[in-house]
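For reference, positions follow the sequence shown, starting with 1.
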Amino acid sequence: MQKRLFFKNAIILTATAILLRAIGIFFRVYVSNAIGAEGMGLHQLIFSVYTFASALASSGIGIATTRLVSEHIGVGGKSAVKKILSRTLGVSIALGVFSCVLMYSCADIAALYWLKDERAALSLRILSFGLPFMAVSSCLKGYFMARRKASTPSNSQLFEQLIRIAVVVFLLSRVNAGDLSQACAAVVTGNALSEVGACLYIYIGYLRDKHGLADLHKAPNRILRKMSYIGIPVALSNYLNTILHTVENIMVPDALTRYTLSKEASLSQFGMLKGMALPVLFFPSSFLGALSTLLIPEVSEYGARGQQAALRSTIQRTMFLTIVSSVLIGAVFTVYAYEIGYLFYRDYEVGFYILVLAPIIPFMYIESIIAGILNGLNQQAASLRYNVYNSAIRIILILFLVPHFGMNAFLAIMVVSNLFTSCLNMRQLFSVTGLGIEWGKWVVKPLLAAAPAMLCASALKPVLLTACAYPVVALCTGCLLVCALYLAFLLLFKCITREDLQPLRKRRS
């Protein structure tokens, strides 16, 4: 029963992630058309500060709530949950209000001295009002995950996205899109109001759900101490990562400005890369989200029971399926990079960024899967350490290279850094588990299958574009052609078997 519930929740979360990313992609297209590439760049800068403030408001709260409620829900019932939620919600509200006041008070300073664009100040002040609601939502989502009821948090995310889109569409139609300060303010107002709506939705869900708990009249003690023990390490890790990423995102447009000698041009390039190209590249990774979610308890169980054979088998199959699928995704983006960029954003420069980054998609996706495995093996400290190394190296390279070589240098830095962190994480995984890379099956054969599939698709691309009246039909047909050819060559090279295509299942050693 518990296993069935776990898979049900994983399916709900994955379906929600896919739907939200799909909606998010088309919403970004609408916003980018409304405010332009420069506006998207300014929007990304604003969110680099907001990301840090949101980490300050909510990091560690959700995980701590999940752990505490999970531990006491069966023995303390309603009394335990009420006491836990009263403490965790109190901390959430305090952190949210503190983050709100801090961000509101420092909006002008952050805009002038950090982002070096005073147009960001109004948006930062507006976003600050959503932070207390975000913190409360994070806490309540932790409660529902402990209750193994993923539908309410998932529905709240969909409700949040609908509010955001409705507000942004309404406001953008009533402001001057050429005034980027007002345009970005309209977009972030949707974010702030959507946080309020999502918080109210999930809180109402909590009020309904708590009546289903048995009241055993046994409340836990020292909740704040336990919460600190669980939440503080997670929060500190998130703070460190967020600070480094925020510093990087602030540095890049400034470094590009010194190269292009134009603030507008640098923000446009930054917006096209971070706000347009990367979301498209990461969209297919939604399909690997369920796999990553399932791996943490699966790997943890095998490790705790000492079932090394089952552990290695699960990791081997997971790595193989991730590499095979990500090589295919990279091939599709490589062949149709410009067409995808133009179809979504009517801009071939976005397609150029997709083309440059498409070959490293396997490393991007593998890194996220390995992170899930390492978390299950209690190796998250190693992942954090590698991320810190990577961010520090990126910041140094941005400081010295981007002002002299522009966006090409930053793209090269992204490629090298992704290879660097992926290799470090893989080395850690293989060191802990004793596994090795199956070069022939994992690397050589997928690449040999992808190469002729890409060549054939590239040769037929002009024919498809000419024959199909609608570019989207030609693009979809071409993508299906790459997939079919890739699968055919995998079968020809005997790279995949019937066992590889079966879903992951538990195996006892």
key: side chain to side chain contact (heavy atoms under 4.5 Å, CB included) against V332, all qualifying residues, sequence neighbours excluded   =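 Result, side chain to side chain contact (heavy atoms under 4.5 Å, CB included) vs V332: L328, C479, V482.
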
inquiry  = Taking side chain to side chain contact (heavy atoms under 4.5 Å, CB included) as the definition, give me every residue that meets it alongside Y203, ordered by chain and number, with sequence neighbours left out.
reply    = L140, Y206, L207

Taking side chain to side chain donor-acceptor pair (under 3.5 Å) as the cut-off, I'd like each qualifying pair that reaches into [range], sequence neighbours left out, listed once.
range: residues 269-279; answer: N249-K274
range: residues 187-197; answer: R164-S194
range: residues 96-105; answer: none

Ring pair (Phe, Tyr, Trp, His ring centres under 6.0 Å) contacts touching residues 152-193 (sequence neighbours left out) =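 Every pair satisfying ring pair (Phe, Tyr, Trp, His ring centres under 6.0 Å) with a residue in residues 152-193: F159-Y201.
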
inquiry  = S266: which residues meet the side chain to side chain donor-acceptor pair (under 3.5 Å) condition with it, sequence neighbours left out?
reply    =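 Per chain and number, S266 pairs via side chain to side chain donor-acceptor pair (under 3.5 Å) with T257.
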
Partners passing side chain to side chain donor-acceptor pair (under 3.5 Å) against N387 (at least two apart in sequence or in another chain) =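 Residues passing side chain to side chain donor-acceptor pair (under 3.5 Å) with N387: none at all.
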
Exercise answer: donor-acceptor pairs, residues 127-137 side-chain atoms, under 3.5 Å, sequence neighbours excluded:
unit_1, atom_1, unit_2, atom_2, d
S128, OG, R125, O, 2.5
S137, OG, F133, O, 3.0

task = Enter the distance from T322:OG1 to I329:CD1 here, rounded to the nearest 0.5 Å.
result = 9.5 Å

For residues 393-420, run the donor-acceptor check on the side chains, cut-off 3.5 Å, and write out each pair with its distance to 0.1 Å, sequence neighbours left out.
unit_1, atom_1, unit_2, atom_2, d
R394, NE, E248, OE1, 2.9
R394, NE, E248, OE2, 3.3
R394, NH1, S417, OG, 2.6
R394, NH2, E248, OE2, 2.6
S417, OG, I413, O, 3.1
S417, OG, M414, O, 3.1
N418, ND2, M414, O, 2.8

Sequence neighbours left out, cut at 3.5 Å: what donor-acceptor pairs do the side chains of residues 40-52 make with other protein atoms?
unit_1, atom_1, unit_2, atom_2, d
S48, OG, L45, O, 2.4
T51, OG1, F47, O, 2.6

query = Looking at residues at least two apart in the chain, or sitting in another chain, which of them share a salt bridge (charged side-chain N to carboxylate O under 4.0 Å, His left out) with E339?
reply = K461

message = Checking E367 against T421: is there a side-chain donor and acceptor pair closer than 3.5 Å?
response = yes

